[in-house]
Amino acid sequence: MSAPKSPAKSPQNRSELSVTPMSEDISAWYNDVIARAELAERGPAKGTMVIRPYGYAIWELLQRQLDDRFKATGHQNAYFPLFIPESYLRREAEHVEGFAPELAVVTHGGGKELEEPLVVRPTSETVVGEMFAKWISSYRDLPILINAWNNVVRWELRPRMFLRTTEFLWQEGHTAHVDEADAMEETLRMFGVYDEFARNVAAIPMVRGEKTPGERFAGAKRTFTIEGMMRDGKALQSGTSHYLGTNFAHAFDITYQDEQNTLQHAHTTSWGMSTRMIGALILAHGDDRGLVLPPRLAPHQVVIVPIGRGDALGTTTAEAQRVAGLLREQGVRVEVDVRDQSPGFKFNDWELKGVPMRVELGPRDLEAGVVVLAQRVGDEDEDGRARKHTLSVAELVDGMQARLDAYHELLVARAEAYRDEHSARIDDLEAFDAQVAHGFAYALHCGEPTCEATIQERTRATPRCVPTEGPEESGACIACGAPSAYGRRVVFARAY
RNA sequence: CGGGAUGUAGCGCAGCUUGGCAGCGCGCCUCGUUCGGGACGAGGAGGUCGCAGGUUCAAAUCCUGCCAUCCCGACCA
């Protein structure tokens, strides 16, 4: 009946302060990180998500980077409606078939049953097609290059924060062109934009390639994808670009008169990247201490923690603000942490939130005219703790952009090394099973859907893509022995 | 839709076997002391025990039904 001894310092209690180790349970780790880093939380309805300010700030940075690239390649933003008449979806046979199982349908409005149900957009090819048909009549109207930032709904059986939620935010590009050559050029251009963005902004080196027929977008002739490797060796499709041929042009009557006065069908494309990319950031860079953000998408690139008590704290805080101002002049995103918490708490908190650089500024530093700098990853001592470097304020300010750039490259190199260590060319089934359990397997495949299905049944691995780069090769299918297709090895992996 | 689990304070949980005042830790509020790796003391606020029935003098606890969520599989950016 005695009161339990104070558990304030017990190991159990300490573990509550940190996230589940990734190696122990990556699923629990992922959920912990999202919660503790205050990126997002679950909404009241199944599969919905509230993106909190810190998570949304990442999305805004990502949006701006992508949007600039879209504008630079001649696209204009527009908005298309959330509600789509159900009949529209049906116009493209493969398209409906692909999306039918995950549609949310509105049957009532204003208290009355609707004459025709409205589908909540799962993607906008159909409405855009309808509008393109109106806007295009001459070859002079082409190409038409549109992008839309919006939300879409796909009724998911098994939601996962950021990776697969019922509603998600994304960008969908839609373009129409005179012929296949022009449309393919666009498809590949935006494919390239995604790949470049992933590497140069998100610091994730992608495997770029084309989807096999079974994995193609519903209604597309060709689908190109960038696939990232997550810390558990699984693949994450992070952006796709589709050549739609004249499929939607036929379904929606998107026609134009060419120079010879003959009526032609336009060739269309579409391409998208979503909030799933935030999931990719978490899973590609994170570690047991939490989030690791690439500097170009980090809401705070540098956090300054003033240290001291009483009057001293006031002085170090003032100096921290001054240094922050100098860094801002260099275009650095800086936060001065003035919360009423202990320094140790703040160090751990910002590590958990993945801030690339931390600056400590205490009375001793102030005296000496220096600051202490530590970076989130890549510079640890024997205990795995970030090394602390003392440098002058001038050194800190002048060198910060270069440090952030170097840090970005470090993350890329780290992710690249990890990916390559977990990738292998595989030529027998037994090795294949072992390989896809923890990484990517490059294997020859016959391309038969039934054969793909057999592989998936046994290993849960699917063909992620046929890489765009790499040596040409052919031989016997790894699973059935039939002659290989595609002229290249196919990347197989388990996928999110 | 199959398999597993859980619903008790903002969060994490105990209490249920054997019915009897609603508990603990963290967080939150106030005051004071603290501040270079997750500070401490004192005081305080906070709960229709998932929902609906039933049994009982008495239900978080026992019985019945329902609902929701999470995890594992089949579909997906």
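Since the model is a prediction, treat every value here as computed from it, not as a measurement. To find a chain, count down the sequence lines: A is the first, B the second, and so on, and within it residues start at 1.
Side-chain atoms of Arg460(A) lie closest to rG73(B) of the nucleotides rG73(B), rG36(B), rU34(B). Side chain of Phe345(A), nearest nucleotide from rA39(B), rG37(B), rA77(B): rA39(B). Of the candidate nucleotides rC71(B), rG36(B), rG38(B), rG38(B) has the atom lying nearest to any side-chain atom of Asn348(A). Listed candidates were rG36(B), rA77(B), rC70(B). Nearest to the side chain of Thr165(A) is rA77(B). Comparing rC76(B), rG37(B), rC72(B) by their closest approach to the side chain of Arg358(A) singles out rG37(B). In this structure, of rG36(B), rC72(B), rU69(B), it is rG36(B) that holds the atom nearest to the side chain of Pro363(A).
Sorted by first then second residue, the salt bridge (charged side-chain N to carboxylate O under 4.0 Å, His left out) pairs that include residues 163-175 of chain A, not counting sequence neighbours, number zero.
Across the protein-nucleic acid pair, Phe162(A) atom CZ and rA77(B) atom C1' stand 14 Å apart, rounded to whole Å. Rounded to an integer number of Å, the gap from Arg36(A) CZ to rG12(B) P is 13 Å. Protein atom CD of Glu167(A) is 16 Å distant from nucleotide atom C1' of rC76(B), rounded to whole Å. The interatomic distance linking Glu367(A) (CD) with rG36(B) (C1') rounds to 15 Å, in whole Å. Between the P atom of rG36(B) and the NE2 atom of His389(A) lies a distance of 20 Å, rounded to the nearest Å. Atom CG in Asp349(A) sits about 16 Å away from atom C1' in rA39(B), given to the nearest Å. Distance Gln341(A) CD to rG36(B) P: 13 Å, rounded to the nearest Å. Straight-line distance from the CZ atom of Phe347(A) to the P atom of rG37(B): 6 Å, rounded to whole Å.
Distance check on atom C1': rC40(B) versus rU48(B) gives 37 Å, rounded to whole Å. To the nearest whole angstrom, the two C1' atoms, one in rU8(B) and one in rU69(B), are 16 Å apart. Taking the P atoms as reference points, rC26(B) lies 14 Å from rG43(B), given to the whole Å. Separating the C1' atom of rA22(B) from that of rA14(B) is a span of 12 Å, rounded to the nearest Å. rG25(B) and rC67(B) are spaced 38 Å apart, taking the P atom of each and rounding to whole Å. Atom name C1', nucleotides rA60(B) and rC24(B): the rounded distance is 16 Å, in whole Å.
Base engagement by Arg289(A) is indicated by at least one non-hydrogen atom pair under 4.0 Å involving a base atom. Across all strands, Glu351(A) comes closer than 4.0 Å to base atoms (heavy-atom distances). Among the protein residues, Ser27(A) comes within range of the sugar-phosphate backbone only, with heavy atoms under 4.0 Å from sugar or phosphate atoms but none that close to a base. Residue Thr462(A) is classed as having no contact, given no heavy-atom separation below 4.0 Å to the nucleic acid. Across all strands, Leu236(A) comes closer than 4.0 Å to no nucleic acid atom at all (heavy-atom distances). The residue Val372(A) sits close to a base: some heavy atom pair falls under 4.0 Å. Using a 4.0 Å heavy-atom cutoff across all strands shown, Arg364(A) reaches at least one base atom of the nucleic acid. In this structure, Gly308(A) reaches the bases: a heavy-atom distance under 4.0 Å links it to at least one base atom across the strands shown.
Ranked by how close their nearest RNA chain B nucleotide is to the 5' end, Arg160(A) and Arg164(A) are led by Arg160(A). The nearest heavy atom of RNA chain B to Trp155(A) and to Asp365(A) marks one nucleotide each, and the one closer to the 5' end goes with Asp365(A).
Judged by ring centres under 5.5 Å apart and planes tilted less than 30 degrees, Phe168(A) stacks against the six-membered base ring of rA77(B).
Aromatic ring orientation, Trp149(A) versus Trp59(A): perpendicular (interplanar angle above 60°, classes split at 30° and 60°). Classified by interplanar angle (parallel below 30°, tilted 30° to 60°, perpendicular above 60°), the ring pair His438(A)/His422(A) is perpendicular.
Because its NZ or CZ atom is not both nearer than 6.0 Å to the ring centre of Tyr243(A) and within 45° of the ring axis, Lys221(A) does not count as a cation-pi partner of that residue. With a 6.0 Å cutoff to the six-membered ring centre and a 45° limit on the axis angle, Arg358(A) counts as a cation-pi contact of Phe347(A). Cation-pi geometry between Arg121(A) and Trp170(A) is not met: the NZ or CZ atom fails to fall both under 6.0 Å from the ring centre and inside 45° of the normal.
Under the Watson-Crick or G-U wobble criterion, with both distances below 3.5 Å, rG27(B) is left unpaired in every strand shown. Across all strands shown, the partner of rC1(B) is rG73(B), judged by Watson-Crick or G-U wobble contacts whose two distances both fall under 3.5 Å. Base pairing annotation: rA9(B) forms no Watson-Crick or G-U wobble pair, as no partner gives both donor-acceptor distances under 3.5 Å. Pair assignment for rG65(B): rC51(B), on the basis of Watson-Crick or G-U wobble contacts that are both within less than 3.5 Å. Here rU18(B) sits opposite no nucleotide as a Watson-Crick or G-U wobble pair (both hydrogen-bonding atom distances under 3.5 Å). Within the shown strands, rA39(B) is the pairing partner of rU33(B) under the Watson-Crick or G-U definition, both distances less than 3.5 Å.
Considering only heavy atoms from C-beta on, Glu380(A) stays 4.5 Å or farther from Arg385(A) through its side chain.
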Test side-chain hydrogen bond (donor to acceptor under 3.5 Å, both in side chains) on Asn147(A) and Gln76(A); report intermediate values, then the result. CA-CA 6 Å; Asn147(A) 176 65; Gln76(A) 292 181 294; over 6 Å; no
Let me see the working for Tyr407(A) and Gln375(A) under side-chain hydrogen bond (donor to acceptor under 3.5 Å, both in side chains), right down to the final yes or no. CA-CA 8 Å; Tyr407(A) 185 78; Gln375(A) 70 181 42; over 6 Å; no
Can you list the steps and then say if Asp25(A) with Thr20(A) is a side-chain hydrogen bond (donor to acceptor under 3.5 Å, both in side chains)? CA-CA 7 Å; Asp25(A) 181 350; Thr20(A) 307; over 6 Å; no
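With hydrogens and angles ignored, a donor-acceptor pair closer than 3.5 Å exists between the side chain of Lys388(A) and the base of rG37(B). Residue-to-nucleotide contacts include no donor-acceptor pair under 3.5 Å from the side chain of Ser342(A) to the base of rA39(B). The base of rG37(B) does not come close enough to the side chain of Glu360(A) for any donor and acceptor atom to sit less than 3.5 Å apart. In the interface, the side chain of Arg154(A) is not paired with the base of rC76(B) through any donor and acceptor atom under 3.5 Å apart.
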What nitrogen or oxygen pairs link the protein and nucleotides 9-11 of chain B at under 3.5 Å?
none

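With Trp271(A) as the fixed residue, the ring pair (Phe, Tyr, Trp, His ring centres under 6.0 Å) test singles out one of Phe70(A), Phe191(A), Phe197(A): Phe70(A).
Residue Glu97(A) qualifies as open at atom CD: its count of foreign heavy atoms under 6.0 Å is 12 or below.
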Classify every nucleotide of nucleotides 1-8 of chain B by which part a protein heavy atom approaches to under 4.0 Å, writing B for the base, S for the sugar-phosphate alone and - for neither, in 5'-to-3' order. --------
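Close to rA74(B), at under 4.0 Å from its OP1 or OP2, lies no side-chain N or O of Arg158(A).
A centroid separation of 6.0 Å or more is found between the aromatic rings of His174(A) and Phe132(A).
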